[in-house]
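Protein chains get the first letters and strands the later ones, always in sequence-line order, with residue 1 at the start of each.
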2 protein chains.
Amino acid sequence: MKIGDLAKATATKVETVRYYERIALLSPPARTSANYRAYGSEHLARLSFIRRARDLGFTIEAVRELLTLSDDRSQSCQAVDNIARAHLTEVERKIGDLTALRSELDRVVGACRHGTVAECKIIETLAPR
Amino acid sequence: MKIGDLAKATATKVETVRYYERIALLSPPARTSANYRAYGSEHLARLSFIRRARDLGFTIEAVRELLTLSDDRSQSCQAVDNIARAHLTEVERKIGDLTALRSELDRVVGACRHGTVAECKIIETLAPR
DNA sequence: CTTGACCCTATAGTTACTACAGGGTGTAGA
DNA sequence: TCTACACCCTGTAGTAACTATAGGGTCAAG
């Protein structure tokens, strides 16, 4: 499997695959005589895992931890749970922030009377009194 | 007004003020004999505007446009309104994305039975079948 | 006269990629 | 056989919006 095939199979860009190798998230594969990367199914599984975790919004460092944890199948699930819960809390915080922001913006945009900038409520909201 | 005073007055870091000057969001102020930046009230007003817009999540480039627009008081408010509405749409999109993400994470975290990694539902969700 | 809090410039680091530049390889059609 | 084209390689720089560091200078109080 060449890098382009792996990339396609995981909906990843080729450059991103190479980037994951550079930051040691993905182990360097064997090379062909032409120095092309040759991937096997273990790489496909690993990259799929990475992409799903990234899609769920886990940071690269969190993914790195999850990968390490998932490699030791006999270990307790506690650490995995902690990472996921921490991430969930963070996502909830962001939703809260954005929801507050939306109210503000709704208010600001709703106040616009489409006159000149001098009487613009949006600019007024931003400008100091 | 020295840079530290301006920074304190606008809840901005000194480095950030210098950064805004470097990217020409804030005009270079006069200098004292010791080469210290000397700010006036117009700088304070400008930086306050910038900070409020940033707090509302506008990008630096959007802030730059808003500043330009707010300088021409006789112009129509339309362009301002467009920028704000575009931003509101973007915020709503992000809220949607994060809300979907939260459901996924809720499901995943809720499935954890706190056993070993081998039977961990979180890892199972991430690993390819 | 020295200590500490400030100020200066210039540069590099952060996150997670993405995009070149400048090359080499492999294969299908004319 | 030639050549076009899609792919592969390395290395470096760019993105957003700061933040942090190194290595200096200035100023007021004790």
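In this structure, B:Leu47 places its CG atom 11 Å from P of D:dC18, rounding to the nearest Å. Here the P atom of nucleotide C:dT15 and the CZ atom of A:Arg54 are 11 Å apart, to the nearest Å. Spacing between atom NZ of A:Lys8 and atom P of D:dA6 amounts to 12 Å, rounded to whole angstrom units. One can place CZ of A:Arg31 at 14 Å from C1' of C:dT25, the figure rounded to the nearest angstrom. Computed from coordinates, the B:Glu15 CD to C:dG13 P distance equals 17 Å when rounded to whole Å. Spacing between atom CZ of A:Arg37 and atom P of D:dC9 amounts to 5 Å, rounded to whole angstrom units. Summarising the geometry, the separation between CG on B:Asn35 and C1' on D:dG24 is reported as 13 Å, rounded to the nearest angstrom. Protein atom NZ of A:Lys13 is 12 Å distant from nucleotide atom C1' of C:dA16, rounded to whole Å.
Between B:Arg18 and B:Glu21 there is no salt bridge, since none of the side-chain N atoms of the basic residue sits less than 4.0 Å from a carboxylate O of the acidic one. Taking 4.0 Å as the cut-off between side-chain N and carboxylate O, A:Asp71 and A:Arg46 count as a salt-bridged pair. One finds no salt bridge joining A:Arg73 and B:Glu119 here, because no Lys/Arg side-chain nitrogen approaches an Asp/Glu carboxylate oxygen to under 4.0 Å.
Side-chain proximity of A:Ile60 to the nucleotides D:dT21, C:dC17, C:dA19 is greatest for C:dC17.
Looking at which nucleotide of DNA chain C each of B:Arg22 and B:Lys2 is closest to, the 5′-most match is held by B:Lys2. Ranked by how close their nearest DNA chain D nucleotide is to the 5' end, B:Thr32 and B:Glu61 are led by B:Glu61. Nearer the 5' end of DNA chain D, as judged by each residue's closest nucleotide, is the contact made by A:Ile3, out of A:Ile3 and B:Arg51.
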For this session: Kindly indicate, with the supporting measurements, whether the criterion side chain to side chain donor-acceptor pair (under 3.5 Å) is fulfilled by A:Asp72 and A:Ser74.
Result: CA-CA 6 Å; A:Asp72 186 354; A:Ser74 70; 3.1 Å; yes
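Taking 4.0 angstrom as the limit, A:Tyr20 places a side-chain polar atom (N or O) nearer than this to OP1 or OP2 of C:dC17. Contact annotation: B:Arg18 reaches the phosphate of C:dC8 (side-chain N/O to OP1 or OP2, under 4.0 Å). Residue A:Thr16 has a polar side-chain atom (N or O) positioned under 4.0 Å from OP1 or OP2 of C:dT18. OP1 and OP2 of D:dA16 both lie 4.0 Å or more from every side-chain N or O belonging to B:Tyr19.
Under 3.5 Å, the side chains of B:Tyr20 and B:Arg51 contain a donor-acceptor pair of N or O atoms.
Residue side chain A:Tyr36 reaches the base of C:dG24 through a donor-acceptor N/O pair under 3.5 Å, judged by distance alone.
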